Protein chains: 2
Amino acid sequence: MDKKKIPDIIIGRLPLYLRALNRMAANGSAVTSSKELGEWVGISAAQIRKDISQFGEFGKQGTGYNIDFLSKKIRGILNIDRIWDVAIIGMGDIGHGLTEYQGFRDRGFQVTLVFDNAPEKIGSKIGELTVHNIADMVDIINTADVKIAMIAVPANHAQAIADELTKTSVKAILNYAPIRLNVPDGVHVQYIDPATRLQWMTYYL
Amino acid sequence: MDKKKIPDIIIGRLPLYLRALNRMAANGSAVTSSKELGEWVGISAAQIRKDISQFGEFGKQGTGYNIDFLSKKIRGILNIDRIWDVAIIGMGDIGHGLTEYQGFRDRGFQVTLVFDNAPEKIGSKIGELTVHNIADMVDIINTADVKIAMIAVPANHAQAIADELTKTSVKAILNYAPIRLNVPDGVHVQYIDPATRLQWMTYYL
DNA sequence: TAGATTGTTAATCGATTAACAATC
DNA sequence: TAGATTGTTAATCGATTAACAATC
């Protein structure tokens, strides 16, 4: 029982708090309050305080939260007080864009392995990285002991890739294919599907 | 009162149901049940039935749901029984990838306008599309009467772009910049931030 | 008819909000 | 000290699940 069971939905909000705190720090602020932070992320002050208090007493009555301190605490909680290696499978437009994306670096991630199965892509370079053959994926990922992967292959291949990944060190998958993945317990999956998000909004148009 | 107020969270699940239904149809199925659909999307059968029943009685006791029929109904509810034009602002890696992304076409969307502010990009071609100057964005979008935009500019410019967009016909924004946008009532925003999703999962690693 | 599955109601569960004593 | 804001408890709100009559 070294870790109290925290609701998943609270964990999901921590990255948003962190994002806002980083921005406040960049603006030169040193201290914030649950009220201000709530306005930044669009969440009530009460909920901000309740969420944060799950992990300790990081604020001070009367003054609020020290931004650097809280930021450091949240990074520790989320295990991003380090740099995680990431593998990307599928070098189409999405995979290529993710490989070049500069937004990962200062948020705890670096892409170190990229894969495709197209003969004309295998062996080519994307920035510093060489595109590897998906056929060699399991071995290469295991050797590198990479824990995080992003799937950017067509929907009809995504489950097969996920199945392969479960034979590796990968324990967190960010899936860009518009399909739900079945994975064993202990492997975490998050989904990104822009069309789904757009369809959500068209209801209100 | 022509439209009963449906919880937003239910609306957000409809695109997932639709995605699964399309896939089932592609597999040659004609009929499904709340149980089967639930397994496809990872949601309980009871919830599937409850969600769908908000909009009408689309199933039959004993047999379940006709896939084509339900699919058509959901497309109607979500207003994607048509093709929506989409504008993309920012032609960096993300914007470029989204412009080329083939996954929008058969899900109700087509990218028709793209913008950047870099002189070397303005006037260049991406596929069929010419990159327009962000300075001309308000006029061009209004003339085309585009209702949906995706923001793919750096975080520190995203709010300014959103402010400009609120002067246009755009009423739905999909924001790829890692920052919350303030927009007036009646403008809808959804967020996509892969780093945030990854940070969510590292908690469990 | 017998079996299956819906639509819906009531019960349960969990998350959010309001309120306030503690205290910086 | 007076004002501000936390951490936490209790109240409220909303979402999910269980159960089952209706019926295909």
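As the structure is a computational prediction, the values presented were derived from the model and not from experiment. Letters go in sequence order (proteins before strands), and every chain restarts at 1.
Both Thr63(B) and Ser44(A) lie near DNA chain C, and the one whose nearest nucleotide falls closer to the 5' end is Thr63(B). Both Gln61(A) and Arg13(A) sit near DNA chain C, but only Arg13(A) has its closest nucleotide nearer the 5' end.
Counting 5' to 3', DNA chain D first comes under 4.0 angstrom of a heavy atom of chain A and last does so at the ends given by dA4(D) to dT9(D).
Among all heavy-atom pairs drawn from Arg107(B) and Pro178(A), the shortest one is NH1-CB, 3.4 Å.
Residues Phe104(A) and Tyr101(A) bring their aromatic ring centres within 6.0 Å.
In this structure the side chain of Ile122(A) never reaches within 4.5 angstrom of the side chain of Thr130(A), judged on heavy atoms.
Gln190(A) places no side-chain N or O within 3.5 Å of a backbone atom of Leu198(B) that could act as its donor or acceptor partner. Side chain of Arg82(A) to backbone of Gly108(A): no donor-acceptor contact under 3.5 angstrom is found. Within the 3.5 Å criterion, the main-chain N or O of Asn79(B) finds a donor-acceptor partner in the side chain of Trp84(B). Checked by atom type and distance alone, the side chain of Asn133(B) never pairs as donor or acceptor with a backbone atom of Asp136(B) at under 3.5 Å. A distance-only check finds a donor-acceptor pair linking the side chain of Gln54(B) to the backbone of Lys50(B) [under 3.5 Å].
Using the six-membered ring where Trp is involved, Tyr203(A) and Phe55(B) have ring planes that are perpendicular, over 60° apart on the 30 and 60° scheme.
Rotation axes derived from the C1' atoms of the five outermost pairs at either end of the helix from dG3(C)-dC24(D) to dC24(C)-dG3(D) lie 20° apart, to the nearest 10°.
Atom-to-atom distance recorded for Asp116(A):CG and His96(A):NE2 is 10.5 Å, nearest 0.5 angstrom.
Applying a 4.0 Å cut-off to non-hydrogen atoms, the residues of residues 15-36 of chain A that approach DNA chain D are Ser33(A), Ser34(A), listed by residue number.
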